[in-house]
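One structure is given here, and the rest of the page talks about it.
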2 protein chains.
Amino acid sequence: MDQSPPRSTSVTVADVARRAGVSKATAARVLGGYGTVSERVREAVTAAARALDYRPNELARSMTTGRSGTIGVVVGDIENPFFSLAVRGITDVARQADFTVILINSGEDVVAERAAIRTLLAKRVDGLIVSPAKENDVEHLHEAVRSGVPLALLDRGSDTLDVDTVIADDRYAAENITRRLIALGHRHIAYLTACDTPDHRFHTAKDIGTGSVRRRIEGFLSVCREAGLTGMEDWVRVGAFTPEHTHRIVTEMLQSARRPTAIIASDSIIGLEVFKIHRQLGLSIPDDLSLVSFHDADWTSVTTPPVTVVRQPVYDLGATAAKLLVERLNGEGQTARVVVLKTEIVERASTRERY
Amino acid sequence: MDQSPPRSTSVTVADVARRAGVSKATAARVLGGYGTVSERVREAVTAAARALDYRPNELARSMTTGRSGTIGVVVGDIENPFFSLAVRGITDVARQADFTVILINSGEDVVAERAAIRTLLAKRVDGLIVSPAKENDVEHLHEAVRSGVPLALLDRGSDTLDVDTVIADDRYAAENITRRLIALGHRHIAYLTACDTPDHRFHTAKDIGTGSVRRRIEGFLSVCREAGLTGMEDWVRVGAFTPEHTHRIVTEMLQSARRPTAIIASDSIIGLEVFKIHRQLGLSIPDDLSLVSFHDADWTSVTTPPVTVVRQPVYDLGATAAKLLVERLNGEGQTARVVVLKTEIVERASTRERY
DNA sequence: TTCTATTGTGAGACCGGTCTCAAGAAGAAA
DNA sequence: TTTCTTCTTGAGACCGGTCTCACAATAGAA
């Protein structure tokens, strides 16, 4: 079927025009689908294009139109099921709107994120969806906005950025689950996150750069205070960004004299790690330890016991961010919109009363 | 800090040249980092660029150089942990080599895959990494090769495509695990895959379009034959491409009179589903049913019992494909290379002797 | 001092599309 | 038949870079 010779140099509108015996402008009109052309000419050009196996060069098109048909997506780590599901939501909506997605992992590192934004702006993406690693370090995002590229924030907002934002009701979710644990009699409740601070210790929620996590910790601490529990800041542990780190932190915590009776894991990767560790230490969930994890990863329902989770609408988080962005790219959006999606607590057997 | 006015129209080399008092060509030499320029001029241009906050337009650069600095990646479904991990491997290597990644999901549908390839070629990607949905339906991939875009196949090969390919030793892995199950006394072994056939029934391995799965099934059947087991084709079940489908197939299978004593799940999503179902049906793993799953998803070690898996080097699968592609893009590759990565059976408590 | 090399710089073509503008052809109105 | 629209079409500028080529200036060799 490979009739045409393997031409390394591609066929252009000029080639098609020559073959069809019309001007480049006319051929372009037919191939680009703009302007008016007579039926006779349209057919001639179409035939020539087919014969030469013409393929439009989107790059060249983008040069003049100023639209590249791509949106840049920057997430922490595509390997994390949270992000892979959110990205699925983004790509589904993007494809529907005829946009293609350039994906870059930041590794939750602001330097990498900055480089990613720079790269994407250089590639002239039409819009950006970013899950900022640090919401107080977003000068590079302001830069993007300043250069006129629409931006939507995913899962994490920023007070200084007046852009479309899609987040979950993290604070509310944390308040709820904390209240529930307290009602179950827990007093020693640890909150464990991958976020880190300069000295790897938690002092105040303000130190937490990741918006969603900061809001959760605020909720956690506020409910604790409300319930008369003091010094709960000590139970917030940061820096669980690898299984090894998590292992060290959790092991140390569970083997200390004043150990937690409940752990809230800030994502499913940490939750899984905690689950592994409790077994290694010969502890029992929920007898010795109650466990709650953010993100209802698929496996959480099959462990023994199944894990209580905060269910986040992850796919919708991504899909909605993409929808807002696409609307703005189509000139529909006016002022920045903030969408807060509802979470839901799915109580399973990993949480139990503490007497 | 927003000193510069919000210029919607971006700064070009010509602007920088004008400000630096040199020609466009000279400014371009400095900014593009090619040719020779005097130190004095270099500084003047650099200063002007900084003052104007010049950002190179990669699109324009790509126009002349013919290199877009992007590689197109087409996978079945980024939500599947197998692919998200492989994509992580790809993006890591790509970034190192200064390439960005355009990601498209095919949903394991050839029509979508074809459209994806077309889109990516139009966007003038420098190379392609594809996990073809059907290895016998790859005319669109030939097209890509013909148009001179290097292609690397991920996890699934194709006999008709003479391109760089990175796969796992699927057939060998299937043979091994099948042999092991037979040694444990199993005679009724089911193989369950998301791949489908026109009539949703399995007849011969040739009907299976997905290369990796076809090789596994061939290995499975060959070892069965070797062991004197006949008619094992009946135990191969196709079409488990959603949890619902899997549920229906497995439930029916496990409730029939002649039910399997062991199930091999072709991926971790199916494996998880089987695990859920066995509980719902009140069966016991491994007493009533042995379970093996391809892909050692992180959760497989924490279930009760933990699941025996075929560990695939998924990250390396992606990373190696990207490495081969990058080498070829740098003109290093000569003939097509096929890399076969080793798998490993991790035997856990979900498989047991059958008397 | 004169004649090559070598280096630095500018003018302008080019990549492959889009798009403006003007002119020619055809049809409608007078 | 003449004039005014409307429809088609072509010429060529343009997007923002790269890159070739020619020329000027400087340096080194004879």
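Heavy-atom basis, side chains included; hydrogens, waters and symmetry copies ignored. Below, chain A is the first sequence line, B the second, and so on; all start at residue 1.
Of all heavy-atom pairs between B/D164 and B/R337, the closest is OD1-N, 2.8 Å.
Using a 4.0 Å heavy-atom distance criterion, A/T36 is classed as a base contact. Residue-level contact check: B/R67 touches neither bases nor backbone, having no heavy atom under 4.0 Å from any strand. Residue contacts for B/R124: at a heavy-atom cut-off of 4.0 Å it reaches no nucleic acid atom on any strand shown.
Checking the phosphate oxygens (OP1, OP2) of D/dT9, a side-chain nitrogen or oxygen of A/S38 falls inside 4.0 Å. When the side-chain nitrogen and oxygen atoms of A/Y34 are compared with OP1 and OP2 of C/dT18, one or more of them lie within a distance under 4.0 Å.
Using a 3.5 Å distance cut-off with no hydrogens or angles, the side chains of A/S131 and A/D155 do not pair a donor with an acceptor.
No salt bridge links A/E143 with A/R146; every basic N to acidic carboxylate O contact stays at or beyond 4.0 Å.
One can place CG of B/L59 at 10 Å from C1' of D/dG16, the figure rounded to the nearest angstrom. Distance B/R61 CZ to D/dG17 C1': 8 Å, rounded to the nearest Å. Atom CG in B/D15 sits about 10 Å away from atom P in D/dC15, given to the nearest Å. Distance, B/R18 CZ to C/dT9 P: 19 Å, rounded to whole Å.
Shown here are the side chain to side chain donor-acceptor pair (under 3.5 Å) partners of A/R18, two or more places apart in sequence or in another chain: A/D15.
With hydrogens and angles left out, the side chain of A/R29 and the base of D/dG10 share a donor-acceptor pair within 3.5 Å. At a cut-off of 3.5 angstrom, counting only N and O atoms as typed in the model, there is a donor on one side and an acceptor on the other between the side-chain of A/K24 and the base of C/dG17.
When each of C/dT9, D/dT9, C/dC15 is scored by its nearest atom to the side-chain atoms of B/M63, the top-ranked nucleotide is C/dC15. Side chain of B/S23, nearest nucleotide from D/dT9, C/dT9, C/dG10: C/dG10.
Not a single donor-acceptor pair under 3.5 Å links the side chain of B/T210 to the backbone N or O of B/K134.
The nearest heavy atom of DNA chain C to B/R40 and to B/T64 marks one nucleotide each, and the one closer to the 5' end goes with B/R40.
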